[in-house]
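Ligands are counted one by one from 1 in listed order, and the atoms in each one are counted from 1 as well. Quick caveat: nothing in here was measured; it's all calculated off a predicted structure.
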Amino acid sequence: MLSYLANPATEIAGTVKVPGDKSISHRSLMLGGIAEGVSEVRGFLESEDCLSTLAAMQALGVPIERPAPQVARVRGVGLRGLRAASRALDMGNSGTAMRLMTGLLAGQAFDSRLVGDSSLMKRPMERVAVPLRLMGAQIATAAGKPPVRIDGVRELTGIHYDLPVASAQVKSAVLLAGLYARGETTVVEPAVTRDHTERMLLGFGAEVMASQGTVRLQPGASLSACSLEVPGDFSSAAFFIVAACLAARGTFTLTNVGVNPTRTGLLDILGRMGADLTLINHRSAGAEPVADIEVTASRLRGIEVPAGLVPLAIDEFPALFVAAACADGETLITGAQELRVKESDRIAVMAEGLATLGIETEVLPDGLRIRGRPQRQAFGGGTVDTHGDHRIAMSFAIASLRSSAPIDIRDTANVATSFPGFVDLSRSCGLDVTEVGGGP
Ligand code: S3P
């Protein structure tokens with residue numbers, strides 16, 4: 001089993017560029033695959049999760065070439081051009097891949113079966129199956145979990161769906177199915193979630209309109225191939241943003257980061273905690289805003305995180321919990337029950353790891369209360385178990401900026417699902433993280 005050994009560090013320095021955005025990379029393969037023509041995707045994230053989507057689209061008959069590093073050339077087969085895969089589609093560790101592919105496959109005339117690794121096989125799938133069945137899809141889950149079986153149908157019917165949970169994955173699955181429906185599909189969100197699907201659908205020429213938490217899609221139009229530039233993944237940048245806040249001194253720069261406002265809740269939260277953050281060089285990569293982010297070592301204070309910011313920072317909570325553990329006073333996070341059904345139960349797993357390092361927390365059904373220790377060596381060392389969750393692994397790696405002894409982080413192989421090269425990049429800017437092990 002792979003582990004990280006993170007020795008105490010005090011500073012990080014320099015300028016880094018994180019790999020491409022995972023959410024956008026998945027979507028570019030799916031929409032490119034059902035468009036007419038060739039879509040070239042630059043800055044494509046070559047992580048295990050996105051490669052699961054790539055292999056699935058290929059198995060469904062979409063030719064995809066990789067002519068250069070971080071480039072995917074997708075030869076779209078058109079809306080009705082996908083073909084039955086000869087075996088189950090393995091979505092690996094990726095909830096996004098499985099849920100969005102379920103939406104894409106719900107309206108096809110052929111049968112499909114989707115499976116995943118041991119973590120994905122435990123994650124809830126009825127949240128996508130329920131609205132898709134309302135559209136006429138034939139979907140079976142195993143007591144709400146994968147495998148997901150989709151039987152071919154002739155046509156779906158558009159629905160008006162009020163999302164019961166703020167989930168971009170569910171919204172996107174319904175919209176992808178809506179491309180194959182008779183009549184309009186409308187999705188209403190209880191809180192704003194990432195809007196990459198809506199932006200990309202527009203770029204591919206779909207008739208989609210989004211305003212004030214309601215997205216409307218008209219089916220029928222064929223999608224036209226387009227070239228895409230994938231920005232750096234804000235969720236990967238987040239580890240270095242928090243790390244730079246925790247460092248003893250200095251300013252750190254992250255270049256070419258996607259700063260779509262539906263993703264950057266962490267910046268608002270850290271700003272309220274007193275972090276010194278500046279966005280410069282604003283520009284756009286197609287439909288997505290991009291900037292460089294400068295972060296200066298900061299003294300953080302504990303806050304109550306406003307519930308409205310939770311969906312906008314949903315993947316950043318493991319890193320934020322580490323920041324809160326280094327802040328003056330208490331930080332309270334509530335309304336974040338979705339964290340319990342991510343790649344691990346991120347509330348329980350982070351509380352367990354923080355306790356190992358000597359941080360007091362109170363576990364709530366929907367969040368965590370964290371008593372911060374602002375001193376330089378806030379954390380002790382010890383062994384923490386990531387439960388196979390990539391973001392837990394990276395969060396404890398950056399905790400080494402405030403630890404007095406080595407942190408042994410167990411079960412880190414899944415960092416490759418979202419952030420290939422994390423260890424090398426971390427070392428290049430001053431963290432003392434080493435990958436160890438490899439046996440079973
Ligand atoms: C994602 C949506 C979020 C997020 C996940 C990626 C997406 O999940 O946690 O990492 O690409 O749509 P939920 O929709 O379940 O909140």
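- The option with the heavy atom closest to atom 13 (P) of ligand 1, from among Arg99, Lys342, Arg346, is Lys342.
- Remark: Lys342 does not engage Asp389 in a salt bridge, criterion side-chain N to carboxylate O under 4.0 Å.
- A salt bridge links Glu40 and Arg42; the closest N-O separation between the charged side-chain nitrogens and carboxylate oxygens is under 4.0 Å.
- Taking all heavy atoms of Asp315, Val165, Asp21 into account, the minimum distance to atom 10 (O) of ligand 1 is reached by Asp315.
- Between Glu338 and Arg127 there is a salt bridge, since at least one side-chain N of the basic residue sits less than 4.0 Å from a carboxylate O of the acidic one.
- Using modelled atom types, one finds no donor on one side chain facing an acceptor on the other under 3.5 Å when comparing Asp49 with Ser47.
- Checked by atom type, the side-chain pair Arg216/Thr185 shows no donor-acceptor distance below 3.5 Å.
- Near Ser167, the atoms of ligand 1 lying under 4.0 angstrom from a non-hydrogen atom of the residue are 13 (P), 14 (O), 15 (O).
- Distances below 4.0 Å separate heavy atoms of Ala168 from the following atoms of ligand 1: 12 (O), 14 (O).
- Near Ile314, meaning under 4.0 Å from one of its heavy atoms, ligand 1 places the atoms 9 (O).
- Contact annotation: Arg27 has at least one heavy atom less than 4.0 Å from an atom of ligand 1.
- Checking Glu316, Lys22, Arg391 one by one against Ser235, the side chain to side chain donor-acceptor pair (under 3.5 Å) holds for a single residue, Glu316.
- Residue-level proximity to ligand 1 for Arg194 is carried by the side chain, the only part with a heavy atom below 4.0 angstrom.
- Geometrically, ligand 1 and Lys22 share no nitrogen or oxygen pair separated by less than 3.5 Å.
- Near Thr96, with a cut-off below 4.0 Å to any heavy atom, the atoms of ligand 1 are 1 (C), 5 (C), 6 (C), 7 (C), 11 (O).
- The pair Asp292-Arg283 meets the salt-bridge criterion, with a side-chain N (NZ, NE, NH1 or NH2) lying under 4.0 Å from an Asp/Glu carboxylate O.
- The shell of residues lying under 4.0 angstrom from ligand 1, judged by heavy atoms, excludes Lys171.
- Interface of Ser23 with ligand 1, defined as ligand atoms under 4.0 Å from a residue heavy atom, comprises 6 (C), 7 (C), 11 (O).
- For the 3.5 Å distance criterion, the side chains of Thr186 and Glu184 qualify, holding a donor opposite an acceptor.
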